[in-house]
Amino acid sequence: MAAGRRQYPFHLIEPKWQHRWDEQQAFRAWNPGEAVPADHPFAERHGQTEPGLLPKFYILDMFPYPSGAGLHVGHPEGYTATDILARYKRAQGLHVLHPMGWDAFGLPAEQYAIKTGRHPRRTTEQNVATFKRQIKALGFSYDWSREVDTTDPEYFKWTQWIFLKLYNSWFNPRTNKAEPIETLPYPPELEPTHAEHTPPDLESKRRAYRDSKRLAYVTEAPVWWCEKLGTVLANEEVVDGKSEVGGFPVIRKPMRQWMLRITNYAERLLNDLETIDWSNSLKEMQRNWIGRSDGAEVDFEVADCRFEASDSRKPIRVFTTRPDTLFGATYMVLSPEHRLLDLITTPAQRAAVEAYKAEVAKKSDLERTELAKEKTGVFTGANAINPVTGGKIPIWIADYVLISYGTGAIMAVPGHDTRDFEFATKFNLPIVQVVQPPDGKDWRGFVDDGVAVNSANTEITINGLPTPAAKAKITTWLEKKGLGTKTVNYKLRDWLFSRQRYWGEPFPVVWRNGADGTVYHEALPESALPLLPPKLDDYKPTPDGQPPLARATEWLTLPDGAKRETNTMPQWAGSCWYYLRYLDARNGATFVGKEAENYWMGGGGRSKLQVSGSRSQVEGSKAQSGGSGGFQPTPGVDLYVGGTEHAVLHLLYARFWHKVLFDLGYVSTPEPFYRLVNQGLILGEDGQKMSKSRGNVINPDDILKEYGADAFRLCEMFMGPLEMTKPWSTKGVEGVYRFLGRVWRLFVDEQSETEFEQNSTADPDRSPEFLEKLQISGTIKDVDPTPAQLKALHAAIKKVTEDLDGLRFNTGISALMVFINEAMTWNTKPAAILKSFLTLLQPFSPHLAEELWSKLHSALGAKSPALAYVPWPQFDTLLLVEDTLEIPVQVNGKLRDVIRVPAGATKTELEAAALEAEKAQPFLTGKAVKKIIVVPKKLVNIVVA
RNA sequence: GGGCGCGUGGCGGAAUGGCAGACGCGCGUGGCUUAGGACCACGUGAGGUAACUCUUGCAGGUUCAAGUCCUGUCGCGCCCACCA
């Protein structure tokens with residue numbers, strides 16, 4: 001292909017229009033109250049309308065991490081989809097917000113800094129510049145005046161500010177929302193008796209209590225520390241008790257960590273999924289992650305209790321989702337980290353228990369939960385009492401019980417739980433039946449719903465009850481007897497929010513020594529923001545395992561002796577709220593202005609929209625166009641597009657922050673992203689995932705150089721449905737590239753083009769000038785279109801409009817192709833028809849469309865308005881009506897003939913015509929007609945005996 | 001193991017329960033060309049000279065009619081995974 005002739009001079013057209021859009025800030029969105037310059041295309045379209053009165057459309061991309069590798073073909077997939085929609089909505093008269101920015105904190109720049117000493121900021125800036133150049137070359141209609149960069153102090157100042165809000169809030173279970181920490185009630189024993197002066201030790205206790213309730217709190221959590229690498233490792237980076245890189249030993253080391261109390265929001269994060277328009281699978285992933293389980297907590301007394309005296313008879317509490325199987329609990333299992341373990345272990349078993357604990361402690365979480373692993377465990381020597389049978393059951397420990405879920409202990413029902421069954425089989429523990437499966441299946445290991453059996457004592461029976469009823473009855477009984485309570489558990493854990501890194505947001509927190517010798521934390525005032533990271537020469541952690549920030553000894557200690565927090569925030573922090581900063585990106589006084597937030601997030605925009613209803617022009621997709629995609633103002637981002645890799649963490653974290661900000665009154669909607677679509681992965685041409693090692697990586701720069709941005713955009717969309725995983729096809733680019741070439745040749749005079757080619761070859765430097773002299777084809781005339789031409793156009797308008805409403809870009813493009821294939825056959829091409837076609841082409845391939853639009857207008861001697869703001873055409877269904885229709889005739893459901901009938905043919909006429917259809921005769925003669933199905937305008941089916 | 005999704009020509013993919021295969025790629029024939037891997041026109045699911053027959057992973061079912069709905073089954077992809 002490299003030797004092939006260019007289909008059209010995209011290499012001149014694309015930079016020309018990109019430059020023009022930049023120059024006039026063509027895609028700038030305006031906040032309420034902003035004055036739009038009269039010569040801006042937005043003003044040309046909307047006049048002097050106050051921008052805040054227009055209906056808004058906020059369309060958001062997941063902003064990229066600017067890696068050193070540059071853009072890959074997956075990025076432009078989502079970006080092209082959103083840009084097409086942004087341009088479409090803009091043409092429909094909506095006020096579109098379409099921003100872009102950089103999620104630029106992250107490990108690669110830091111690792112590069114450790115190796116080379118080069119400051120991560122410089123690496124980051126360079127990568128951002130590359131990404132920006134590549135993205136701009138694609139002609140996306142972003143409002144670059146709102147660009148954000150999470151590593152910019154003007155940005156992370158507000159990330160730190162939001163952290164302070166979390167820090168200074170608590171979750172009030174009564175109101176089910178976050179509230180300022182000042183509203184926190186204290187337990188009676190912590191209430192000061194005399195208002196004048198609080199004793200220091202009480203103040204200290206109150207502080208400890210307060211700190212334990214904050215949404216941002218500190219805890220000691222074990223992390224993996226690798227001495228040789230001098231760094232902390234994630235669970236995934238530890239294999240077989242050694243570092244994945246280098247195979248060095250690692251140790252479990254408790255470190256002070258910041259946590260965010262996302263678990264308080266579990267129920268709201270779960271329930272509010274119902275209110276947003278996300279795909280089922282995505283919601284399901286979030287539901288799984290939150291992991292709600294309904295069940296009961298049940299207390300088991302320890303038999304022959306050895307700690308009775310010292311510890312006031314603590315029972316062991318378990319969580320179960322199957323309280324109906326309580327009669328089948330034949331043993332208990334504690335997690336090896338359970339707090340009562342030391343107390344109950346008998347002297348005879350202590351050595352075995354200690355050995356097992358030590359072995360487990362070496363394993364990573366990943367290894368403990370490895371697939372198809374043989375069960376292990378040891379007996380503690382102690383027994384518990386089954387509260388419903390009164391029987392003595394042995395207490396074991398095993399690593400299949402996790403300390404971090406439920407109560408860290410289980411009742412084992414080996415008859416009806418797969419894991420307990422395996423364990424009991426291995427260690428010869430008793431297995432009894434308490435559930436009867438339906439249709440005589442084997443009860444051993446039967447875990448589904450059935451009917452309770454062998455489940456009665458002198459006070460209660462649940463025998464004969466189906467599982468749900470049995471659960472309800474036994475739970476009520478347990479509650480009445482004080483043996484248990486109905487409980488809900490979540491898999492979701494609090495968010496470990498600190499990292500031992502350099503290239504992240506420093507915490508606006510200092511540590512002080514209390515009068516009583518305790519060390520406590522204290523938030524910096526908002527006036528101290530942004531808190532910048534210190535200058536360092538070496539970005540490694542300190543030799544004694546302190547985070548890199550601890551190397552900045554001068555920065556570390558404040559004049560008053562307080563010490564700064566040396567952890568930094570995780571990369572997720574900046575991406576938790578960037579969509580809010582876009583709304584008011586240059587506001588120095590607040591993280592987002594109230595009016596801007598209210599308008600763009602649509603929290604209070606509805607009444608305004610009604611005011612503007614008659615004034616604004618929301619063309620297309622109204623009643624007449626028939627599409628259901630008519631404008632509906634939605635609360636939050638109207639459409640968010642990005643990859644599935646963020647289906648859980650980013651989206652959950654962002655929803656969490658948003659809800660906190662909502663509770664505190666800083667934003668006006670409970671959910672940030674009303675509609676979300678995941679783009680599918682783009683695989684290599686060989687159908688494998690793109691990777692350097694396979695050598696199948698496609699570089700967008702190469703495609704751009706060869707085919708241009710318009711063809712690249714089309715190609716990305718034409719490969720298949722947005723949400724589907726699909727292989728890249730360079731042949732496919734050539735297909736859409738040829739289509740754009742046909743569009744070009746349809747508009748441009750052949751003779752004039754030959755001259756352009758010759759001149760450009762002879763004098764390439766002047767080719768932009770020659771481009772301006774290219775003539776529009778003489779076959780394009782300002783004449784009235786024929787009915788057939790109108791029909792072709794309106795069929796295209798209808799199809800493209802409906803497909804864009806349904807995000808079906810591939811079939812929309814095919815409709816454009818169908819139109820061009822037909823228009824190629826016309827001897828005379830009415831200018832009005834081609835103009836309308838260009839408005840359809842504009843969202844997909846804006847550069848070519850703008851160029852031809854402007855040429856067409858000058859050929860007609862007319863002033864050419866910016867195509868990007870020209871109203872989307874409406875289709876007229878009347879023009880699509882056919883005079884006669886081709887109706888398939890089936891006999892017994894099989895196609896036998898096609899008849900041509902007047903469009904208005906009645907049912908009776910259709911029947912009669914079908915019965916006479918020539919090719920149907922052999923299948924009708926001599927047969928009795930039982931029934932004739934007539935679907936008006938569609939088909940006739942003759943049913944014969 | 002659990003959940004979600006998907007199986008249609010040589011390939012990517014189209015089809016509100018109503019003519020399966022739109023559109024593109026590839027391939028074939030012809031035209032234009034000194035020539036083309038550029039462009040234009042036509043053809044292109046399989047079998048059959050034809051009439052016709054077969055065809056949406058496989059097996060059933062519902063229906064006048066099934067790629068589409070239901071049941072089972074096989075295969076592929078993604079997510080979660082000892083969560084009690």
Side-chain angles (χ1 to χ4, degrees), chain A residues 1-7 279-285 287-289 291-293 295 318-322 325 333 335 368-373 375 398-402 404-413 417-420 422-423 447 489-493 644-645 647-648 678 680-681 687 714-715 718-721 723-736 738-739 741-742 745 750 799 808 810-818 821 824-825 886-898 919 922 930-935 937-944:
Chain A
M1 185 58 222
R5 194 165 143 270
R6 237 182 236 113
Q7 288 271 352
S279 75
N280 238 334
S281 65
L282 187 55
K283 285 187 182 180
E284 208 52 38
M285 278 190 232
R287 285 192 197 106
N288 284 341
W289 195 263
R292 179 187 163 121
S293 299
V318 303
F319 173 71
T320 178
T321 56
R322 293 295 301 270
T325 63
V333 186
S335 112
R368 273 181 67 163
T369 59
E370 227 170 88
L371 172 81
K373 206 191 59 174
K375 294 272 182 297
D399 67 356
Y400 81 91
V401 175
L402 310 173
S404 50
Y405 184 76
T407 61
I410 61 158
M411 64 177 209
V413 184
D417 180 281
T418 315
R419 300 147 301 182
D420 298 344
E422 280 174 26
F423 193 83
V447 299
N489 248 307
Y490 300 92
K491 277 199 258 182
L492 186 68
R493 308 292 148 79
T644 351
E645 67 273 20
V648 179
N678 281 129
L681 208 63
L714 274 188
C715 170
F718 194 57
M719 291 186 300
E723 298 183 59
M724 196 182 271
T725 299
K726 46 209 174 279
W728 173 263
S729 165
T730 298
K731 282 285 180 198
V733 199
E734 287 182 29
V736 294
R738 278 205 280 266
F739 160 68
R742 284 205 300 284
R745 290 189 293 277
E750 209 180 325
K799 181 80 177 135
R808 294 179 297 267
N810 53 335
T811 51
I813 293 167
S814 93
L816 295 174
M817 289 172 167
V818 169
N821 289 346
M824 294 288 278
T825 68
E886 288 193 340
I887 301 292
V889 175
Q890 296 180 342
V891 179
N892 285 347
K894 290 201 169 173
L895 178 71
R896 293 306 175 186
D897 204 352
V898 176
K919 289 185 190 157
K930 279 170 65 180
K931 195 175 180 184
I932 302 180
I933 312 283
V934 179
V935 184
K937 295 175 195 261
K938 283 283 184 190
L939 118 168
V940 180
N941 187 11
I942 305 167
V943 185
V944 297

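Per chain, numbering begins at 1; letters A, B, ... match sequence-line order.
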Practice problem: Would you sketch RNA chain B in dot-bracket for me? Only Watson-Crick or G-U wobble pairs with both distances under 3.5 Å count, crossing pairs as [ ], other-strand pairs as |, the rest as dots. | Solution: (((((((..(((.....[....)))((((((.......))))))(((....)))..(((((..]....))))))))))))....

Quiz item: Given the C1' atoms of B:rG77 and B:rG61, what is the spacing between them in whole Å?
Solution: 28 Å

Practice problem: Using the C1' atom on both, measure B:rC69 against B:rU56 and round to a whole Å. | Solution: 16 Å

Quiz item: Looking at A:R808, does any N or O in its side chain come under 4.0 Å of the phosphate oxygens OP1/OP2 on B:rA22?
Solution: no

Quiz prompt | Rounded distance in Å between the P positions of B:rC40 and B:rC25 | solution = 10 Å

Quiz item: If you take atom types as modelled and just measure distance, does the side chain of A:N288 reach the base of B:rC80 with a donor-acceptor pair under 3.5 Å?
Solution: no

Quiz prompt | Syn-anti status, with the boundary at 90° from 0, for the nucleotide B:rG36 | solution = anti

Quiz item: When rounded to the nearest Å, what value does the distance between P atoms of B:rG10 and B:rC6 take?
Solution: 23 Å

Self-check item: With sequence neighbours excluded, residues passing side chain to side chain donor-acceptor pair (under 3.5 Å) with A:S293
Solution: A:Y405

Practice problem: Tell me which of A:I887 and A:T725 sits closer to the 5' end of RNA chain B, going by the nucleotide each one is nearest to. | Solution: A:T725

Quiz item: OP1, OP2 of B:rA84 versus side-chain N and O of A:S293: anything below 4.0 Å?
Solution: yes

Quiz prompt | Between B:rG75 and B:rG57 - C1' atom distance, rounded Å | solution = 7 Å

Self-check item: B:rA59 and B:rC64, which share atom name P, separated by this distance in whole Å
Solution: 23 Å

Exercise. Would you please confirm or rule out a distance under 4.0 Å between OP1 or OP2 of B:rC23 and any side-chain N or O of A:R742?
Key: no

Exercise. Check if the side chain of A:K938 and the base of B:rC19 share a donor-acceptor pair of N or O atoms closer than 3.5 Å.
Key: no

Quiz item: Between B:rC54 and A:K894, is there an OP1 or OP2 to side-chain N/O distance shorter than 4.0 Å?
Solution: yes

Quiz item: Expressed as a whole number of Å, how far does the P atom of B:rC23 sit from that of B:rG72?
Solution: 38 Å

Quiz item: Does OP1 or OP2 of B:rG18 have a side-chain N or O of A:N941 closer than 4.0 Å?
Solution: no

Quiz item: Within a reach of under 6.0 Å around CD of A:E750, are more than 12 heavy atoms found that belong to other residues, nucleotides or ligands?
Solution: no

Quiz item: To the nearest 0.5 Å, what is the distance between CG (A:L681) and OG1 (A:T644)?
Solution: 7.0 Å

Quiz prompt | Under-4.0 Å side-chain N/O to phosphate OP1/OP2 contact, A:R896 with B:rU53 | solution = yes

